[in-house]
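One structure below.
Here is the naming used below: chain letters follow the sequence lines, and residue numbers restart at 1 for every chain.
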There are 2 protein chains.
Amino acid sequence: MTSDARPAPVKDSAPVGFQEHDHQTCVETALASVEARCSTEGLRLTPVRRKVLEMLLQEHRALGAYAILDRLRAEGFGSQPPVAYRALDFLVQNGFVHKIERLNAFVACSHPGQSHSPAFMICRKCDAVAEAQSAPAKGVLGAAARAAGFEIERTVVEAEGLCPDCTEKA
Amino acid sequence: MTSDARPAPVKDSAPVGFQEHDHQTCVETALASVEARCSTEGLRLTPVRRKVLEMLLQEHRALGAYAILDRLRAEGFGSQPPVAYRALDFLVQNGFVHKIERLNAFVACSHPGQSHSPAFMICRKCDAVAEAQSAPAKGVLGAAARAAGFEIERTVVEAEGLCPDCTEKA
DNA sequence: CAATACATGATATGAAATAACATGACAAGT
DNA sequence: ACTTGTCATGTTATTTCATATCATGTATTG
Ligand SMILES: [Zn+2]
Ligand SMILES: [Zn+2]
Ligand SMILES: [Zn+2]
Ligand SMILES: [Zn+2]
């Protein structure tokens with residue numbers, strides 16, 4: 001294992017998710033990227049974990065743990081909550097999937113293999129979710145944290161609003 | 001009702017929460033400020049609502065709905081979940097209380113009467129919560145949103161880490 | 001082939017949130 | 001005074017999200 005296989009710094013910050021795109025390629029690329037990181041880092045992308053990741057990549061939007069569980073059941077995997085939550089834990093721990101706190105739901109990472117602190121745009125109408133980059137620690141919040149002596153380890157940034165499609169329709 | 005009684009713009013952005021302070025005064029001031037806004041805006045700060053607000057101001061940290069409910073029960077109010085959730089809805093709607101999505105819990109606003117988009121610092125060790133200001137729509141995220149055609153209506157910004165006290169102890 | 005670590009399966013329970021319906025308080029409008 | 005409408009509260013039941021725990025299986029690895 002090449003232990004220096006740290007995620008590369010962010011290069012593009014395009015908020016994949018609302019635009020039209022070649023989704024099949026998008027899924028395959030992401031999956032390949034995750035497989036690559038797993039093999040270089042000795043992580044075990046087991047069948048359940050892989051299936052959950054594939055589902056989330058396919059959907060390209062946030063799914064609740066029980067929605068995932070339903071699909072797992074349909075595919076013959078275990079059907080009890082821990083099955084889904086354990087797979088999700090693994091995927092979240094390793095940055096392949098993010099949890100959307102606002103929705104208590106999960107979405108596949110759009111920039112796997114890159115070290116990033118994600119920010120999300122969540123459409124309140126159609127539930128579409130796009131991932132962008134954030135740098136909250138560099139702005140007002142970072143200053144407040146330093147002033148208060150608070151050590152930021154992780155940030156949740158979620159914007160709620162209307163996606164382009166839903167804005168148009170209204 | 002003086003309908004021009006919009007919240008004043010933010011003046012101070014001190015992240016109240018971690019520092020020592022005269023807490024009794026802090027509670028009284030906040031409560032007075034909320035009462036003022038309720039009377040000018042014709043909002044009804046009923047006993048349950050007021051009690052919940054007082055509890056959250058007293059505690060000065062995030063409480064779950066069921067913790068609140070326990071306290072309500074102890075004070076002789078209704079003891080079923082909707083009692084707490086309804087009071088919380090009212091308080092959140094009107095900006096007197098904020099929900100911490102990360103914790104599924106609620107905290108009294110530190111800057112009531114000011115229009116603000118709050119950001120929170122949450123200590124993962126002691127659960128202390130401090131409220132600061134954020135301007136997420138002005139930074140990287142705002143740019144991404146504009147680029148994507150996404151209309152931000154509201155943002156959740158929550159930083160997780162170690163508060164000064166817990167950093168010291170470690 | 002142990003011994004170990006890790007992953008999965010299944011049962012049970014806990015915690016957060018809401019749906020639906022009934023009752024009560026109060027302020028118009030008649 | 002009485003009806004009507006609105007808003008708040010109370011209660012029951014249910015749904016949704018999440019975890020603790022124990023048993024079983026399946027890889028490595030010494
Ligand atoms: Zn895609
Ligand atoms: Zn990501
Ligand atoms: Zn205080
Ligand atoms: Zn606030």
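- Nucleotides of DNA chain D that come within less than 4.0 Å of any heavy atom of chain B span, from the 5' end to the 3' end, dC7(D) to dT12(D).
- Taking D89(B) as the reference, nothing meets the salt bridge (charged side-chain N to carboxylate O under 4.0 Å, His left out) condition, with sequence neighbours excluded.
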* **Reading 5' to 3' through nucleotides 10-18 of chain C, protein heavy-atom contacts under 4.0 Å coded B for base, S for sugar-phosphate only, - for none** => BB----BBB
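- For R73(B), the salt bridge (charged side-chain N to carboxylate O under 4.0 Å, His left out) criterion is met by D70(B), not counting sequence neighbours.
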Indicate every side-chain donor-acceptor pair of residues 155-170 of chain B with a distance under 3.5 Å to a residue at least two apart or in another chain.
residue	atom	partner	partner atom	Å
E158(B)	OE1	R102(B)	N	2.9
E158(B)	OE2	E101(B)	N	2.7
E160(B)	OE1	R154(A)	NH1	3.1
E160(B)	OE1	R102(B)	NH1	2.0
E160(B)	OE2	R102(B)	NH1	2.9
T167(B)	OG1	C163(B)	O	2.9

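- Ring centroids of H98(B) and H111(B) are separated by 6.0 Å or more, keeping the two rings apart.
- For R86(A), there are no salt bridge (charged side-chain N to carboxylate O under 4.0 Å, His left out) partners at least two apart in sequence or on another chain.
- Scored by the ring pair (Phe, Tyr, Trp, His ring centres under 6.0 Å) test, F150(B) finds F18(A) as partners (sequence neighbours excluded).
- Following rounding to the nearest Å, N94(A) (CG) and dA7(C) (C1') show an atom-to-atom distance of 14 Å.
- With sequence neighbours left out, R50(B) forms a salt bridge (charged side-chain N to carboxylate O under 4.0 Å, His left out) with E35(B), E54(B).
- Rounded to a whole Å, the CD atom of Q93(A) is 15 Å from the C1' atom of dA7(C).
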Return all side-chain donor-acceptor pairs below 3.5 angstrom for residues 134-148 of chain B, not counting sequence neighbours, or 'none' if the list is empty.
residue	atom	partner	partner atom	Å
S134(B)	OG	S117(B)	O	3.0
S134(B)	OG	S117(B)	OG	3.4

